[in-house]
Protein chains: 2
Amino acid sequence: MPPTNMGHCLTTLPSLRDALDVVSGKWKLLILVALATGHQRFRDIERSVPGISSKVLAKELKDLEQHQLVRRTVQEGPPVLVTYEVLPYADTLDPVIFALREWGLNHRRKIMGTGSEA
Amino acid sequence: MPPTNMGHCLTTLPSLRDALDVVSGKWKLLILVALATGHQRFRDIERSVPGISSKVLAKELKDLEQHQLVRRTVQEGPPVLVTYEVLPYADTLDPVIFALREWGLNHRRKIMGTGSEA
DNA sequence: GGTAGCTGCTCACTTTTAGTAAGCAAAGAT
DNA sequence: ATCTTTGCTTACTAAAAGTGAGCAGCTACC
């Protein structure tokens with residue numbers, strides 16, 4: 001067996017699948033970040049996640065709620081106020097978000113730089 | 001401003017979006033892991049990524065190739081042999097994969113544990 | 001040399017998901 | 001009274017994913 005840089009072999013695929021089942025898709029992580037950075041109302045999130053629609057946001061928030069990453073709170077009014085907040089458990093996703101963000105940053109750099117390496 | 005655990009605020013959303021544009025979806029990371037763990041032929045990958053279909057695999061591989069994460073090589077035969085391999089650049093995704101794998105592992109543990117306390 | 005099998009796909013089709021635009025009830029602001 | 005904002009939902013359309021079959025090129029076997 002040649003020495004590769006991968007010690008993760010047997011558990012990787014199933015665990016990754018488990019994670020992806022919860023967190024894959026275009027929007028979920030972005031929504032979590034939006035929430036974590038202080039956007040707690042529906043329209044607020046909608047505005048801060050560029051490109052998302054009400055419909056998809058509503059659905060994604062339901063998913064996130066079901067996965068216990070987000071809590072929806074209704075403060076009976078009037079005016080009725082709906083607030084979303086990340087649950088502590090969602091913080092366990094920080095490493096994922098961090099890694100992806102780093103990679104995205106780097107990838108953009110790479111894409112920008114293609115073709116001009118002296 | 002209250003001291004939260006997030007130093008990543010301004011660049012997070014765009015970088016994350018960049019990353020997700022390349023890497024989000026149910027299959028791409030799983031395919032990369034399959035490749036990295038020694039499955040280099042089409043049918044081999046297909047078999048090792050449970051649930052994927054030929055059609056989707058073909059499409060995902062094309063995407064990955066276009067993003068310069070994977071290279072397709074045809075060794076003219078006969079028998080014609082098609083091989084896929086992860087390019088070194090794909091290794092930069094290791095932290096992402098690692099983080100997701102860890103999270104998936106933990107999440108499964110959490111889910112298993114719900115409902116049977118006390 | 002016929003038939004069965006594997007490989008690396010593609011094609012036609014159905015189902016699921018995402019996206020778009022409009023709208024709606026309750027409230028607030030002017 | 002009218003207009004705007006909020007937190008959604010509802011129809012509709014478009015795109016993507018999944019399903020099953022199939023196909024060319026080769027091998028393997030008897």
Side-chain angles (χ1 to χ4, degrees), chain A residues 13 16-35 37-67 69-86, chain B residues 13 16-35 37-67 69-86:
Chain A
L13 280 174
L16 211 47
R17 145 109 32 255
D18 288 345
L20 290 172
D21 285 345
V22 175
V23 112
S24 88
K26 290 172 64 174
W27 302 117
K28 291 196 179 76
L29 293 177
L30 295 176
I31 292 168
L32 288 177
V33 169
L35 285 168
T37 54
H39 307 273
Q40 316 195 323
R41 272 149 297 150
F42 191 91
R43 298 273 300 136
D44 200 9
I45 303 162
E46 201 175 352
R47 264 180 247 113
S48 95
V49 177
I52 204 169
S53 69
S54 322
K55 182 195 158 185
V56 172
L57 178 55
K59 186 242 175 191
E60 296 287 48
L61 284 170
K62 275 174 201 160
D63 287 358
L64 292 170
E65 230 191 310
Q66 218 177 328
H67 287 302
L69 297 167
V70 159
R71 178 170 53 209
R72 193 181 101 118
T73 318
V74 182
Q75 297 175 53
E76 290 299 342
V80 178
L81 185 62
V82 181
T83 346
Y84 292 89
E85 57 189 312
V86 266
Chain B
L13 280 174
L16 212 47
R17 144 107 33 253
D18 289 344
L20 291 172
D21 285 345
V22 176
V23 112
S24 88
K26 291 170 64 175
W27 303 114
K28 291 198 179 75
L29 293 177
L30 295 177
I31 292 167
L32 288 176
V33 169
L35 284 168
T37 54
H39 306 272
Q40 318 196 322
R41 271 149 297 148
F42 191 90
R43 298 273 300 137
D44 199 10
I45 303 162
E46 202 176 350
R47 263 180 248 110
S48 95
V49 176
I52 203 167
S53 68
S54 322
K55 182 194 158 186
V56 173
L57 178 56
K59 186 241 178 193
E60 297 288 46
L61 284 171
K62 275 174 202 162
D63 287 359
L64 291 170
E65 228 191 313
Q66 219 177 328
H67 288 303
L69 295 167
V70 159
R71 179 170 53 210
R72 193 181 101 117
T73 317
V74 182
Q75 296 175 54
E76 290 301 342
V80 178
L81 185 60
V82 181
T83 347
Y84 293 89
E85 57 189 312
V86 267

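Values reported hereafter were calculated over all heavy atoms of this structure, with side chains retained and with hydrogens, waters and symmetry mates removed. We name chains A, B, ... by the order of the sequence lines, and we start the count at 1 in each one.
- Considering NZ of A/K26 and CG of B/L20, their distance stands at 10.0 Å, rounded to 0.5 Å.
- Separating the NZ atom in A/K28 from the CG atom in A/L32 is a distance of 9.5 Å, to the nearest 0.5 Å.
- Distance B/L57 CG to D/dG18 C1': 14 Å, rounded to the nearest Å.
- A/L35 and A/E85 make their closest contact through CD2-N, 4.4 Å (heavy atoms, listed as atom of the first residue, atom of the second, distance).
- Summarising the geometry, the separation between CD on B/E46 and P on D/dT19 is reported as 12 Å, rounded to the nearest angstrom.
- When side chains are defined from C-beta on, B/V49 does not count as touching B/L57, because their heavy atoms never get closer than 4.5 Å.
- Distance, A/E60 CD to D/dG7 P: 18 Å, rounded to whole Å.
- At D/dA16, none of the side-chain N or O atoms of B/W27 fall inside 4.0 Å of OP1 or OP2 (strictly under the cut-off).
- First and last contacts of DNA chain C with chain A, using any nucleotide atom under 4.0 Å from a protein heavy atom and ordered 5' to 3', fall at C/dA18 to C/dG28.
- Between the CD1 atom of B/I52 and the C1' atom of D/dA16 there is a distance of 14 Å, rounded to whole Å.
- What separates CG of A/D44 from C1' of D/dC8 is a distance of 15 Å, to the nearest Å.
- Counting to the nearest Å, the P atom of D/dC26 and the CG atom of B/L81 are 13 Å from each other.
- Around CZ of A/R41, the count of heavy atoms belonging to other residues, nucleotides or ligands within 6.0 Å does not exceed 12.
- Atom NZ in B/K59 sits roughly 13 Å away from atom P in D/dA15 (whole-Å rounding).
- Under 4.0 angstrom from either OP1 or OP2 of D/dC8 there lies no side-chain N or O belonging to A/R41.
- Separation of atoms OG (A/S53) and NZ (A/K59) is listed at 10.5 Å; rounding is to 0.5 Å.
- The distance from the CD1 atom of B/I52 to the CG atom of B/L61 is 7.5 Å, given to the nearest 0.5 Å.
- Look at A/K55 and you won't find any side-chain N or O under 4.0 angstrom from OP1 or OP2 of D/dT9.
- Along DNA chain C, the nucleotide nearest A/S54 and the nucleotide nearest A/G25 are compared for position; the residue whose nucleotide lies closer to the 5' end is A/G25.
- Note on A/K26: only backbone sugar-phosphate atoms sit closer than 4.0 angstrom, heavy atoms only; bases stay farther off.
- Rounding to whole angstrom units, CD of residue A/Q40 and P of D/dT6 are separated by 15 Å.
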